Amino acid sequence: MNRRPRGIAPRIDIVVPDSWHAIYAVVKRIPKGKVASYGQVAMLAGLPRAARLAGTALFHGPPELVSKIPWQRVVNAAGRISYSEARNGSDHRQRELLEKEGIEFTAAGVIRMSKYGWDGK
DNA sequence: GTTCTGACTAGGA
DNA sequence: CTCCTAGCCAGAA
């Protein structure tokens with residue numbers, strides 16, 4: 001019940017770390033109709049093994065900032081939309097946005113990265 | 001300084 | 001295909 005939030009806590013006064021800005025900069029470059037994995041975004045942001053940080057930055061970042069970038073184009077390495085209780089349904093919205101960009105999902109809910117994966121250029 | 005957490009990942013069963 | 005595990009990093013307390 002009264003779990004004390006550890007790790008990244010959602011807060012009102014969000015101070016965005018530099019590493020998060022680096023991640024947002026990469027996400028902005030993902031072309032419409034393409035997707036990138038968290039690990040790929042982290043790598044291009046200069047944080048090779050910080051895939052989890054990419055997810056954290058998009059989830060806990062200030063909405064007014066994250067809403068201005070194509071956050072929906074970042075999925076996990078398996079080509080699936082990452083699920084989390086905390087997302088409270090935003091995962092479903094992510095899929096809708098991607099399908100609207102023309103990205104297709106298999107019956108199992110997977111995006112074929114060979115076709116829709118961003119090459120980073 | 002230590003400890004815990006997670007929109008992650010690769011590898012194995 | 002699915003489920004589980006250990007490893008991973010930076011941020012917050």
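From a predicted model like this one, the values you see are computed outputs, not experimental measurements.
- Remark: the separation of the P atoms in dC8(C) and dG12(B) is 15 Å, to the nearest Å.
- With Tyr116(A) as the fixed residue, the side chain to side chain donor-acceptor pair (under 3.5 Å) test singles out one of Glu104(A), Lys34(A), Arg73(A): Glu104(A).
- Candidate nucleotides dC8(B), dA7(B), dG11(C) were compared by shortest atom distance to the side chain of Pro17(A), and dG11(C) ranks first.
- Per the geometry, OH belonging to Tyr38(A) stands 22 Å off P belonging to dC8(C), to the nearest Å.
- No donor-acceptor contact under 3.5 Å links the side chain of Arg52(A) to the base of dG11(C).
- Between Phe59(A) atom CZ and dC9(C) atom P there is a gap of 23 Å when expressed in whole angstrom units.
- Rounded to whole Å, atom P of dA10(C) lies 7 Å from atom CG of Leu47(A).
- Distance His21(A) NE2 to dG11(C) P: 12 Å, rounded to the nearest Å.
- Between the CZ atom of Arg93(A) and the P atom of dA7(B) there is a distance of 15 Å, given to the nearest Å.
- You'll find that the side chain of Leu58(A) is closest to dA7(B), out of dA7(B), dG11(C), dA10(B).
- The shortest heavy-atom contact between Trp20(A) and Thr56(A) is CZ2-CG2, 4.0 Å.
- When the P atom is compared between dA13(C) and dA7(B), the two are found 16 Å apart, to the nearest whole Å.
- In Asp119(A), the CG atom is crowded: over 12 heavy atoms of neighbouring residues, nucleotides or ligands sit closer than 6.0 Å.
- The phosphate of dA10(C) (OP1 or OP2) has no side-chain N or O of Thr56(A) nearer than 4.0 angstrom.
- Atom pair Leu53(A):CG and dA10(C):P shows a separation of 8 Å (rounding to whole Å applied).
- Side-chain atoms of Ser90(A) and Arg87(A) form a donor-acceptor pair, as typed in the model, at a separation below 3.5 Å.
- Protein atom CZ of Arg80(A) is 16 Å distant from nucleotide atom C1' of dA10(B), rounded to whole Å.
- For Ser82(A) and dC8(B), the shortest distance from a side-chain N or O to OP1 or OP2 is below 4.0 Å.
- Judged by atom type and distance alone, Arg49(A) does not reach the base of dC9(C) through any side-chain donor-acceptor pair under 3.5 Å.
- Rounding to whole angstrom units, CD1 of residue Ile23(A) and C1' of dA7(B) are separated by 12 Å.
- Side-chain atoms of Ala50(A) lie closest to dC9(C) of the nucleotides dC9(C), dA7(B), dT9(B).
- Summarising the geometry of Gln94(A) relative to Val74(A), their closest heavy-atom pair is NE2-O, 2.9 Å, with the distance given to 0.1 Å.
- Regarding contacts with the backbone of dG11(C), a side-chain N or O of Ser19(A) is found under 4.0 angstrom from either OP1 or OP2.
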